[in-house]
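To keep things clear, I will list the structure first and then write my remarks on it.
Reminder, nothing fancy here: chain letters follow the sequence lines and each chain counts from 1.
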Amino acid sequence: MTETPNAPDTPAAANFVRDVVTADLAAGTFQRVQTRFPPEPNGYLHIGHAKAVSVDFGIAEEFGGVCMLRFDDTNPITEETEYVDAIVDDIRWLGFEPAAVVYASDYFEQLYQWAEHLVEHGLAYVDDQDSETIRAQRGGYGKPGVESPFRSRSVAENLDLLRRMRAGEFPDSARVLRAKIDMQHENMQFRDPVMYRIRHEHHHRTGDDWCIYPTYDWAHGQSDAIEGVTHSLCSLEFDSHRPLYDWYLAHLPLPSDQPRQTEFARLELTHTITSKRKLLQLINDGIVEGWDDPRLPTLRALRRRGYPATAIRAFCDFIGVAKTNSRHQIELLEWFIRNELNRTALRRMAVLRPVRLRITNWPEGRVEQVELSNNPENPADGTRLAEFTGELYIEADDFMAEAPPKYYRLTPGAEVRLRGAYFVRCTGYETDADGNVTEVLCTYDPETQGGQAPDGRKVKATIHWVSTAHAVDIEARLYSRLFTAEVPGERTGDPFDDLYRDSRTVVAGKAEAALAEVTPGQVVQFERLGYFAADHDLPGVFHRTVGLKDEWANVQKRAR
RNA sequence: UGGGGUGUGGUGUAACAGGCAACACAGCAGAUUCUGGUUCUGUUAUUCAGGGUUCGAUUCCUUGCACCCCAACCA
């Protein structure tokens with residue numbers, strides 16, 4: 001059983017994939033377990049892939065087997081090396097190490113030999129028709145297809161044509177190789193599927209060696225078999241391809257046992273889209289800034305935003321595997337992120353919407369060092385010192401001239417604790433010509449040094465602060481959901497109709513001096529605000545990973 | 001329209017060779033707290049519908065219904 005570092009304290013849920021593997025092992029169908037993660041290198045990995053990666057690698061690990069990373073690079077038009085590198089990088093970041101990194105294109109020669117094998121056995125033929133004609137002849141749901149006039153060519157002619165296709169004698173799309181199965185079959189996949197198409201294209205790995213390229217169906221199962229994969233796990237939409245997967249394998253002289261394909265549901269999240277095309281459109285339309293824009297669900301974006309890989313994995317392990325099409329609430333993912341970060345992130349004080357606070361009875365020019373815990377959840381993280389003076393910044397939200405019921409923070413007459421320092425009581429405030437609060441006035445109680453009152457009196461709230469003279473400037477980028485609807489596009493069919501175009505807010509904040517020492521990528525908790533990740537490249541820029549749960553916001557919402 | 005898949009609280013996932021429907025998130029109520037965070041306690045709420053078999057059905061049978069996938073030379 002895979003150990004999940006911060007999963008809730010519950011036994012690992014059963015899932016049907018595990019059951020399938022266990023049964024196969026018990027029945028002796030397989031003596032070992034091998035899986036693979038087979039991305040097409042035509043885009044970046046996203047959160048949905050993280051689940052697939054977790055399942056593929058997780059099942060192998062759990063049964064003491066191996067999992068390889070195989071690039072499904074059968075279509076040279078869309079695939080690029082850039083994506084290959086990024087995918088390998090993302091998988092390692094998640095914490096998985098492929099037993100090997102291989103490519104479907106490694107098997108092009110074997111695939112071709114097997115194609116000749118099928119031709120020789122009268123199970124494949126060369127069709128000279130164009131794609132429109134072939135599609136029309138395929139028929140429809142409930143309507144049988146029509147056989148191609150080229151279907152009954154002799155083996156010799158087919159072989160000759162196939163070899164000439166490979167040799168480059170024909171232009172793109174002039175001919176295809178098709179499996180000869182059954183044009184009346186109720187499963188559309190069996191109506192003489194295309195195995196090879198002609199594409200005079202440069203391939204990212206094989207260069208110009210080939211001008212015919214295998215289709216997914218012709219390449220996938222065979223690649224599995226060549227590698228010795230036992231359990232080929234894929235998503236639900238390949239369910240209707242499984243009979244074809246098995247058919248190809250059954251008609252070939254395999255080097256190993258026939259692998260078993262098992263389908264499971266993809267991971268979908270509320271308020272999130274994962275379609276590569278739509279993601280690209282967000283970038284092209286300038287709605288987000290690139291593939292690593294923290295609002296995107298790509299692994300690169302989540303990484304930049306500060307999502308810990310361990311938390312993503314714990315989430316993936318926890319949600320389980322099923323065949324039901326479903327959509328998880330993004331709140332659950334965020335719970336896992338907070339759960340991890342609460343244990344690991346150092347606490348710092350930062351004020352994102354600063355208002356000045358002046359302590360009117362503070363001795364002129366006095367500076368005190370205040371000791372603060374780096375993480376109350378983990379005392380081993382120690383403490384740090386912060387400068388405290390009579391001129392501070394506090395959060396604008398932490399003062400209200402006229403406070404509603406249940407508001408525990410500063411308001412004229414009220415007393416609060418400044419974290420780790422003193423109790424202060426609000427005596428008044430100043431405004432500009434427009435009535436905006438420019439400065440909050442307080443007196444402090446010298447007896448409450450360290451944040452405790454000797455007379456035992458309590459305050460309702462503790463607020464964070466930064467000394468104006470010692471503050472460092474930071475830029476915080478606050479993100480909200482890119483899509484307002486739980487299911488983007490559910491109403492109109494177009495996810496972009498649910499786009500929240502103001503999903504990023506950039507604010508200039510003030511932070512305690514210790515924040516100048518964060519390392520790129522480090523995630524800290526800004527106390528009472530949320531978790532923030534230091535940008536990898538831009539000094540002083542922080543991305544809000546996720547906010548803290550905010551009971552006060554709930555109280556206000558309920559009041560309305 | 002033919003074939004395939006799937007239906008369990010608000011969400012997601014378990015259980016079930018027929019025996020008190022559970023876990024997590026979310027919600028609600030309270031306790032603790034130098035973060036309105038964390039933690040803790042309590043609590044609301046579930047088997048797609050009809051029929052059948054049975055002492056007993058989420059589970060077995062049956063008839064419906066709903067949703068998803070398949071008619072690329074994409075994967």
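- Classified by interplanar angle (parallel below 30°, tilted 30° to 60°, perpendicular above 60°), the ring pair A:F190/A:H185 is perpendicular.
- At the heavy-atom level, A:V321 lies under 4.0 Å from the strands shown only through sugar-phosphate atoms.
- With sequence neighbours left out, the ring pair (Phe, Tyr, Trp, His ring centres under 6.0 Å) criterion links A:H271 to no other residue.
- In this structure A:E490 satisfies the side chain to side chain contact (heavy atoms under 4.5 Å, CB included) test together with A:V487, sequence neighbours excluded.
- Qualifying ring pair (Phe, Tyr, Trp, His ring centres under 6.0 Å) partners for A:Y216, counting only residues two or more places apart in sequence or in other chains: A:H220, A:F238.
- Residue contacts shown for A:R348 are absent, as no nucleic acid heavy atom lies under 4.0 Å away.
- When the ring pair (Phe, Tyr, Trp, His ring centres under 6.0 Å) test is applied to A:W465, the partners found at least two apart in sequence or on another chain are A:F388.
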Please tabulate, for side-chain N and O atoms in residues 321-331 of chain A, each donor-acceptor pair with protein atoms closer than 3.5 Å (sequence neighbours left out).
unit_1 : atom_1 : unit_2 : atom_2 : d
A:K323 : NZ     : A:E263 : OE1    : 3.4
A:R327 : NH1    : A:L269 : O      : 3.1

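- Glycosidic conformation of B:A72 is syn; the angle stays within 90° of 0.
- Under the 4.0 Å criterion applied to side-chain N and carboxylate O atoms, A:D550 and A:K557 are not assigned as salt-bridge partners.
- At the heavy-atom level, A:R327 lies under 4.0 Å from the strands shown only through sugar-phosphate atoms.
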Protein N or O to nucleotides 40-46 of chain B N or O, pairs below 3.5 Å:
none

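- Note on A:Q452: a base of the nucleic acid sits closer than 4.0 angstrom, heavy atoms only.
- Taking a 4.0 Å limit (strictly below) on heavy-atom distances, residues 166-176 of chain A reaches RNA chain B at A:S173, A:V176.
- Across all strands shown, A:H464 has no heavy atoms under 4.0 Å from either base or sugar-phosphate atoms.
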Listed pairs under 3.5 Å, donor-acceptor, residues 392-400 of chain A side chains, sequence neighbours left out:
unit_1 : atom_1 : unit_2 : atom_2 : d
A:E395 : OE1    : A:L352 : N      : 3.2
A:E395 : OE1    : A:H464 : NE2    : 2.9
A:E395 : OE2    : A:L352 : N      : 3.0
A:E395 : OE2    : A:R353 : N      : 2.7
A:D398 : OD1    : A:R409 : NE     : 3.1
A:D398 : OD1    : A:R409 : NH2    : 3.3
A:D398 : OD1    : A:R528 : NH2    : 3.0
A:D398 : OD2    : A:R528 : NH2    : 2.2

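- Residue pairs meeting the salt bridge (Lys or Arg N to Asp or Glu O under 4.0 Å) criterion with at least one member in residues 191-202 of chain A, sequence neighbours excluded, are A:R151-A:D192.
- Look at A:Y408 and the base of B:G36; the rings stack, centres closer than 5.5 Å and planes less than 30° apart.
- In the region residues 73-82 of chain A, proximity to RNA chain B at under 4.0 angstrom, judged on heavy atoms, holds for A:T74, A:N75.
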All N/O contacts under 3.5 Å from nucleotides 4-10 of chain B to the protein, with atom names and distances to one decimal?
unit_1 : atom_1 : unit_2 : atom_2 : d
B:G4   : O2'    : A:D239 : OD1    : 2.5
B:G10  : N2     : A:Q329 : OE1    : 3.0

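- Side-chain contact annotation: A:D224 with A:Y245, donor-acceptor N/O pair under 3.5 Å present.
- Counting only Watson-Crick and G-U wobble pairs whose two distances sit under 3.5 Å, RNA chain B takes part in these stems of three or more pairs: B:2-7 with B:65-70, B:10-13 with B:22-25, B:27-31 with B:39-43, B:48-52 with B:60-64.
- Between the side-chain ring of A:Y216 and the base of B:C74, no stacking contact exists by the 5.5 Å and 30° definition.
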